[in-house]
Structures are given as structure tokens and as C-alpha cells.
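Take a look at the structure set out below.
Below, read A as the first sequence line, B as the second, and so on, with proteins coming before strands; counting in each chain starts at 1. The figures that follow rest on heavy atoms only: side chains count, while hydrogens, waters and symmetry mates do not. These numbers were taken from a predicted model, which means no experiment stands behind them.
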2 protein chains.
Amino acid sequence: MGTIENLALAGTGAVTEKRIERRPLHEEVIDQLRDRIVLGELAPGARLNERVLCEQLGISRTPLREAIKMLATEGLVELLPNRGAIVTPLKAARIADTLAVMGALESLAGELACANASESDLAEIRALHFEMLAHHARRELAAYFRYNQFIHMKIIEAAGNPVLTNTYRQLNANVRRARYMANLSQKRWDAAVGEHEEILAALVSRDAPRLKRLLAEHLAHKVVSVMAALASNDVAAA
Amino acid sequence: MGTIENLALAGTGAVTEKRIERRPLHEEVIDQLRDRIVLGELAPGARLNERVLCEQLGISRTPLREAIKMLATEGLVELLPNRGAIVTPLKAARIADTLAVMGALESLAGELACANASESDLAEIRALHFEMLAHHARRELAAYFRYNQFIHMKIIEAAGNPVLTNTYRQLNANVRRARYMANLSQKRWDAAVGEHEEILAALVSRDAPRLKRLLAEHLAHKVVSVMAALASNDVAAA
DNA sequence: ATTTTGTATTATGAATTCAAAATGAGCGCT
DNA sequence: AGCGCTCATTTTGAATTCATAATACAAAAT
């Protein structure tokens, strides 16, 4: 089937950069599983039954197991020797630890972003910010969260340090799971939006010290709300 | 055989908590490979031939491939679709990025360690420090490096944040490879030891701001020496 | 009734097999 | 001689098979 597409493209002469790309199965699988874990579809503590997952994904155990091993080093699943794997339980202490590390990284990112962000980076962040405002105005929590994430990731990326981006992304996956449980109050939601306004302003004016402080405060609030959400339905112990 | 031991123990009544523990093969393999990569035995850019490694390690391809996938998410190897894996090339830019992130983490660690380190943590760090001094006195570079690493890791651990420890450890593995090429000068070596004295003093007196500053300076020097070492024999491009 | 022990079942761990892609050598061609 | 092309070989990707450990269950004994 890919062949036909290629012939068609060859005929046009317009080489769209759409490479054929057959992604390795383990990549496909890891993305699927990661999504399902982050969205809570695979709940914390849930067992990963290889046979079941194989049938659901329509693959054999080999690439599945490779994906599970990779998710384990990402920290999203835990390997229990001879007893398979479970989705890493959401422990309050661990989430708190993760957020602390993310705070340190955001601080670095703020500093670097003020120095290195391109004008187009800023434009994009501003655009995402307005999209987020739109969803806030419409009280669309899920969409708001998504753009909120986009903005934070984009700020990190604007720092221009791929290692930083990667590290942050991995840690983030682990707390995003908790985030989906956090049904933040209207007041807190409004406040968070306000904080984002300030963060954007600090970044645009490339005021690193102020940006760092704002990011730190923003994170501190996030810690409170996430921990509160966890406390309410924290049961998943090891 | 385990049975006999157990019977013998049962007779004594002294139940030593020595569990049998058979580690999964992929763990054994990942440790072996990680060591060989960090020590440079598997050089940056080197291809990982599955058949060859299987024979050397005396295992089948399945656990080997699992280990390789895990090393890939750790960043020590790169996966080239359909063409296997190579040891991640040491690029100066990437190392610099990694060190920047580690700096942010050390800063956090310093703060937390001043607040959370137990007295036994401090005692252990002091002990390691003296071991390091001994190797410095004898001009045993490799042993010095090892204890240097121990000390830094122990400070991180003393912060009492397992996520921080893990994250730092992974990043560290990536730069340690470069470190082995750094044949630092006598003068720099002596200076580094002096810095460690100060770091220890700041930690013992739990002077967080001072410790953070000292760690930052120490890292800055490390950046210089590592980058210099890389520049001299930087060839391994992707 | 409860606990323990033996057995059957199931799930995971690892090796092997099969398939597909990439590499490399030889060959004909211009 | 240089170049591209085909085909054999090698190597990786994925599925399957085999082995072993964990679990569930039933029966027997206390």
C-alpha cells in the first residue's frame, strides 16, 4: 500500500517530506502504553498482563516486553521479578520528590530561556497562551490542561537544552498521571491563569530572576493542588 | 542445595536474611554493558553487534535486546531502526547540556542535603573524603576518580530524594565516559581537592547557600576540564 | 474448621525460529 | 576504469517455542 502512495508521489514530482517510515513496533507500543498509563486508563498498581496486552495491541510478546522494559527505566512501570510488571503506584512522597526535581529544572530552564529563546519561540508560547485562555474562558478543563502542558514544555524547549527537555519530559509523565485526578477549584484555576500571564510577561522581557521566582511559585501551588488530589484518593500503596 | 543450607540454618536458629535471589538476565546484562560503555571499553559510536555480544555474555538475544532498549532510554546507546544500536557518540554540546542539568540538580541536592542529611550521612561523606585524600596523596588517579564519584553521589543521596538520586545517576553515567579521558593537570587536581574540602565544610555546617555556590563553582571547573578533554580528541560525530 | 501439602494451571523468562531489511561482493554494462 | 545492478550473506526485527517460576485450587491431615 505504501508502494502505491510512493508511485503517486513520484508522479507528481512534489516530494512531500512524508517519509515512509515503518516505526519499530516497540516504539509504537511504548507510546500506546505510556498514553494509557498517563491517562489513567491503566491505573496505578494495575498489573500488566502480557498475554492480554498482546491481544489488545495485536503483536507478539517480544516487542511488548521491550516496551515494558523501557517504560520501567522511565519510571512509569515497576518490574517485579518473575511476576511481571505493574503500573508504578502513585505515592505522594514520590510525586513530591519528582516535583522538587522538576522545580530545579524549571528554574534552570527559565534562566536559559531568557537568554536563548528565539522570537519565534516567544511568539509560539504567546499563541499557546491565548489558546489556553480560550479554553479557560470556556471552562474546558481537559483542553486547558493540555495547553498548559504545551506551554510549560515549550518554555523548557526554548531553553535550547535537549537533555533538559528530555529529563523534564520523563519526570513530567510521572506526575501528569496525578494531575488528571486534580479537579482544581475555580479560584485556583483562575489564579493559575493569572500566574501564567506573569510568567509570559517575565519571559518576554527576558527577566530571568523574576521568571525563576514566578516559576517556583507556580510550581509550589501545583504541588499543593496535586498533593491534595493525591491525599483524597491515595490508596495505591506498593 | 539451598535446601541443605536452610536446614543447617534452621538448626542454628540464627536466621540470616540471606535470600536466594536470582537476578533477571537483562539486569545482569545491562550492568555489564553500562560498565563497558562508561569505561570506554565500548567506545562512543561503536556498533553493538548482537551476535557478538551474545557470545561474549553467553546469553541469547532476547535479554540482550531488552538491556539495549533500556540503555537507550538511559541515553547511553542510540537505536538505529533496522540497523541495530551504537554507543551514543560523545558530542561536546550534549555533554555540556548534561552538565548544565546536573548543575541544577546539585544545587537542589545541596539545599536538601543541608536540611536532611543525617549525622551518619555526614560521617560517611567525611570518611569517603579521607579515602579520596589518600588516593590523591598517592597520585592514584583512577581510585581518586572513583571516590570522587562516591562523594558526589553520597551528597546527592543525603538529600533524601530518590527521584533526584536516580535522575542524577543516569545523567552522570553519560558524562563519566568523558571524564575518563580527562587527564587533569596536577594543579587542577590539587585545586579540585581543595574545593572538596570546602564543600565538606559547608555541608557539615549545613550552610546551604555556601554549599550551593561551592558546588556550582566546582561543577563549572569540571565543565572546563571535561570540555577541554573532549576538544582534544573529539571526533566521534554522529 | 483451619492449615498444610501436593498438583494443575497460568504467567513470565529466555532461547530459538522465522521473516525482512541492510550490507557487501561479484558481475555486466556503459 | 567506473558505475550500477543483482544476488548471497549477514544482521536485525518479530513471532514462536520451550523452560521455569508463581499462583490457584483441591485434598488430606491436624
Side-chain angles (χ1 to χ4, degrees), chain A residues 1-7 10 19-33 36-37 42-43 45-73 76-88 238, chain B residues 1-7 10 18-33 37 42-43 45-73 76-88 238:
Chain A
M1 352 156 168
T3 313
I4 293 174
E5 285 175 32
N6 290 341
L7 287 175
R19 315 218 17 198
I20 325 170
E21 72 169 300
R22 299 187 335 105
R23 290 178 74 202
L25 270 188
H26 65 87
E27 273 193 31
E28 203 73 46
V29 172
I30 204 179
D31 285 348
Q32 293 245 359
L33 290 183
R36 290 172 70 172
I37 292 171
L42 285 168
R47 194 124 175 296
L48 298 181
N49 184 306
E50 298 184 358
R51 186 179 50 77
V52 171
L53 288 174
C54 281
E55 285 171 5
Q56 288 179 0
L57 299 169
I59 54 165
S60 79
R61 281 174 60 210
T62 306
L64 172 68
R65 287 173 57 92
E66 289 174 350
I68 289 176
K69 295 286 187 301
M70 295 176 90
L71 288 171
T73 84
L76 285 175
V77 310
E78 269 178 30
L79 301 177
L80 313 180
N82 286 322
R83 303 198 306 157
I86 60 173
V87 178
T88 303
Chain B
M1 343 144 175
T3 313
I4 293 173
E5 283 176 35
N6 289 342
L7 288 174
K18 190 81 168 210
R19 315 207 30 184
I20 318 174
E21 77 168 300
R22 299 186 335 109
R23 289 179 76 203
L25 271 188
H26 66 86
E27 273 191 31
E28 203 72 46
V29 172
I30 203 177
D31 285 348
Q32 292 246 359
L33 290 183
I37 291 172
L42 284 168
R47 193 122 174 293
L48 298 182
N49 185 306
E50 296 182 0
R51 185 180 52 77
V52 172
L53 289 173
C54 282
E55 285 171 6
Q56 288 178 1
L57 298 170
I59 54 165
S60 80
R61 283 173 59 208
T62 306
L64 172 68
R65 288 173 57 92
E66 290 174 349
I68 288 176
K69 295 285 187 300
M70 294 176 90
L71 288 171
T73 84
L76 284 175
V77 311
E78 271 179 28
L79 301 176
L80 313 180
N82 286 323
R83 303 197 314 159
I86 59 174
V87 178
T88 303

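For the pair B:L33/B:V77, no side-chain contact is recorded, criterion being any heavy-atom separation below 4.5 Å from C-beta on. Put simply, the side chain of B:K69 does not reach to within 4.5 Å of the side chain of A:K69, judged on heavy atoms. You'll find the side chain of B:L53 reaches within 4.5 Å of the side chain of B:Q56, heavy atoms only. Within the 4.5 Å cutoff, the side chain of A:V87 has heavy atoms near those of the A:L48 side chain. Using a 4.5 Å heavy-atom threshold, the side chains of A:H26 and B:L79 count as touching.
In this structure, B:L80 places its CG atom 10 Å from P of D:dT12, rounding to the nearest Å. Here D:dT9 presents its C1' atom at 12 Å from CZ of B:R51, a figure rounded to the nearest Å. Look at CG on A:N82: it is 8 Å from C1' on D:dA22, rounded to the nearest Å.
Contacts between residues 64-71 of chain B and DNA chain D, counted as heavy-atom distances below 4.0 Å, involve B:R65.
Residue B:G84 is the one, among B:G84 and A:T62, whose nearest nucleotide of DNA chain D lies closer to the 5' end (criterion: closest heavy atom).
With a cutoff of under 4.0 Å to any heavy atom of chain B, the contacted region of DNA chain C is bounded 5' to 3' by C:dA14 to C:dT23.
Among the heavy atoms of the strands lying under 4.0 Å from A:R47 are primed sugar atoms or P, OP1, OP2 only; no base atom is included. Among the heavy atoms of the strands lying under 4.0 Å from B:R61 is at least one base atom, whether or not backbone atoms are also near.
Atoms CD and OG1, on B:E50 and B:T62 in that order, are 9.5 Å from each other to the nearest 0.5 Å.
Between the side chain of B:R83 and the base of D:dG13, no donor-acceptor pair under 3.5 Å is found.
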